[in-house]
**Q** 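Have a look at this one before I ask anything.
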Protein chains: 2
Amino acid sequence: MLTNARLVYQPHDQVRILNAAISRAHDICEAANVRLTPTREAILKLLWQGHQPMGAYQLQQQLAKVSEKPIAPPTIYRAIEFLIDLGLVHRIHSLNAYIGCPFPSSEHSNIFMICEKCNTVAEVSDKRVNNLLEAITDKVGFKLHSQTIELFGLCPNCEPGDSDE
Amino acid sequence: MLTNARLVYQPHDQVRILNAAISRAHDICEAANVRLTPTREAILKLLWQGHQPMGAYQLQQQLAKVSEKPIAPPTIYRAIEFLIDLGLVHRIHSLNAYIGCPFPSSEHSNIFMICEKCNTVAEVSDKRVNNLLEAITDKVGFKLHSQTIELFGLCPNCEPGDSDE
DNA sequence: ATATATATGTAATATTATAACATCACTTAC
DNA sequence: GTAAGTGATGTTATAATATTACATATATAT
Ligand SMILES: [Zn+2]
Ligand SMILES: [Zn+2]
Ligand SMILES: [Zn+2]
Ligand SMILES: [Zn+2]
């Protein structure tokens, strides 16, 4: 089981995490022989800023604060598509929003834990889930290609019961 | 494991299925002491017409063919919300579309098998999936409330390999 | 019959996403 | 170094999905 949950739910060095993610992204782009342009990198950074997913127009607003020229929707969406295709970013369909992937270029379950209170999203990957879904779909003759699993609930920080004790 | 896959993927008496679904809906509404108004029923019927999900504006167009007065988006969305709240209809987030639930008012996994070729959607419910996701989220302290699982691939009728033999 | 709650009508608008075509910028070939 | 070619972004307009706010109508209860 692979997850960034601990990281998301506990205090951590956000700058270090972000730098690591960007560095990894550069490697992945280099390997794929594609370019991580300034706009693309800026958007990826925003999607790693916090652990809340951001919508396209929210990204646009944030970019406006940094850049001089306002960036129009098509550019935003193109950059998002680029990042998603590379596996660096995921789309959270139920929120029409996007978030950085904590473990790109590895096996995936695409399981997202969405906190209904603070909106943080943590990701999990677990082979057992993939195996089970594979078995279930096999049984009815459905050939499974990909999946997205969106879980709604409360993160440890928002759960009244409480977290560490 | 509960599924309407066989039904969806094989020829069947569509009229009988639809009537059964509507009849069941009437029961559920009566039990909940809410009204299945003509508009709501018409929309539910459309969402049971085939096994393809329909978008809000697609529903609007279809309703226009039946009804005399065109029905505006708010009414459509209200009816959809009503049906979803009752568990009679699901939203397929990745498609911005809606589909009738084959087994309302029972335990749910909300697993949708979406055919990338013919767009049919079949639903599955499997306690093991819920248990596994519960276990996974428990481990990281996330309190799971609800979920939606969207699977993409090819239904038996669209898979080149083939179905029955 | 009146009051109350529920459902729908209506008009305007918000939000999310894409199409079509022009321009710019980087890479490669010569 | 320049030209050609590819990839990325700019620009304008618009499509597609969804909601707000307020008015009216319909059903239910007293
Ligand atoms: Zn991921
Ligand atoms: Zn939270
Ligand atoms: Zn269902
Ligand atoms: Zn199919």
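Labels below follow one simple rule: chain letters A, B, ... track the order of the sequence lines, proteins then strands, and each chain is numbered from 1. Only a predicted model underlies this, so the values are computations on that prediction, with no experimental measurement involved.
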**Q** May I ask you to verify if any side-chain N or O of B/Asn96 is less than 4.0 angstrom from the OP1 or OP2 atom of D/dA16?
**A**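 For D/dA16, neither OP1 nor OP2 has a side-chain N or O of B/Asn96 closer than 4.0 Å.
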**Q** Name the residue closer to the 5' end of DNA chain D, choosing between A/Ala79 and A/Tyr57 according to the nucleotide with the nearest heavy atom.
**A**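 The residue whose closest nucleotide sits nearer the 5' end is A/Ala79.
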**Q** Should A/Val140 and B/Ile149 be regarded as members of a common hydrophobic cluster, given that ILVMFWY residues are connected when their side-chain heavy atoms come within less than 4.5 Å of each other, either directly or indirectly?
**A**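 Yes; B/Ile149 is reachable from A/Val140 via cluster members.
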**Q** Is A/Leu7 reachable from A/Leu44 through a run of I, L, V, M, F, W or Y residues, each pair having side-chain heavy atoms under 4.5 Å apart?
**A**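 Shared cluster, yes.
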**Q** D/dA8 C1' sits how many Å from A/Leu83 CG, rounded?
**A**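 Those two atoms, CG and C1', are 13 Å apart.
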**Q** Hey, which sits more toward the 5' end of DNA chain D by its nearest nucleotide, B/Arg35 or A/Ile71?
**A**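 It is A/Ile71 whose nearest nucleotide is closer to the 5' end.
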**Q** Just how far, in rounded Å, is C1' of D/dA16 from CG of B/Leu95?
**A**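 Spelled out: CG on B/Leu95 to C1' on D/dA16 is 14 Å.
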**Q** Round to the nearest Å and state the distance from B/Glu30 atom CD to D/dA27 atom P.
**A**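 Atom-to-atom, B/Glu30 to D/dA27, this comes out as 17 Å.
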**Q** Both B/Val34 and B/Ala72 contact DNA chain C. Which one's nearest nucleotide lies toward the 5' end?
**A**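 Mapping each residue to its closest nucleotide by heavy atoms, the 5'-most match is B/Val34.
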**Q** Would you mind reading off the distance between B/His93 atom NE2 and C/dA17 atom P, rounded to a whole angstrom?
**A**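 Whole-Å distance recorded here is 13 Å.
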**Q** Which whole-number value in Å describes the distance from A/Asn33 CG to C/dT28 P?
**A**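 The answer, rounded to whole Å, is 8 Å.
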**Q** So do the side chains of B/Phe82 and B/Thr37 get within less than 4.5 Å of each other, counting heavy atoms only?
**A**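 The answer is no, as the side chains (C-beta and beyond) never meet within the 4.5 Å cut-off.
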**Q** Would you say A/Arg91 reaches C/dA17's phosphate, i.e. side-chain N/O to OP1/OP2 under 4.0 Å?
**A**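 So the side chain of A/Arg91 is within the cut-off, an N or O lying under 4.0 Å from OP1 or OP2 of C/dA17.
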**Q** Looking at every non-hydrogen atom in both residues, tell me the closest pair between A/Pro102 and A/Arg24 and how far apart they are.
**A**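 Looks like O-NH1, 3.3 Å.
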**Q** Does a side-chain N or O of B/Thr37 approach OP1 or OP2 of C/dT8 to a distance below 4.0 Å, or not?
**A**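 Yes, B/Thr37 has a side-chain N/O under 4.0 Å of OP1/OP2 on C/dT8.
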**Q** Could you give the CD-to-P distance, from A/Gln60 to C/dT18, as a whole number of Å?
**A**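 In whole Å, C/dT18 P and A/Gln60 CD are 15 Å from each other.
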**Q** Please work out if A/Arg78 contacts a base, only the sugar-phosphate, or nothing of the nucleic acid, heavy-atom cut-off 4.0 Å.
**A**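 The answer is base, as A/Arg78 lies within the cut-off (heavy atoms under 4.0 Å) of a base atom.
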**Q** Any idea which heavy atoms bring A/Gln147 and A/Ser109 closest together, and the distance?
**A**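 Between these two residues, the closest heavy atoms are NE2-O, 2.9 Å.
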**Q** If the cut-off is 4.0 Å, is B/Tyr77 near the phosphate of D/dA16, judged by side-chain N/O to OP1 or OP2?
**A**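 No, because none of the side-chain N or O atoms of B/Tyr77 sits under 4.0 Å from OP1 or OP2 of D/dA16.
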**Q** Which whole-number value in Å describes the distance from A/Ile80 CD1 to C/dA17 P?
**A**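 Atom-to-atom, A/Ile80 to C/dA17, this comes out as 8 Å.
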**Q** Does B/Thr75 place a side-chain N or O at less than 4.0 Å from the phosphate oxygens OP1/OP2 of C/dT8?
**A**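 Answer is no, no contact under 4.0 Å.
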**Q** Given D/dA8, is OP1 or OP2 found less than 4.0 Å from the side-chain N or O atoms of A/Arg40?
**A**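 Yes, because at least one side-chain N or O of A/Arg40 sits under 4.0 Å from OP1 or OP2 of D/dA8.
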**Q** In whole angstrom, what separates B/Glu81's CD from D/dT20's C1'?
**A**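 Checked: the CD to C1' distance equals 13 Å.
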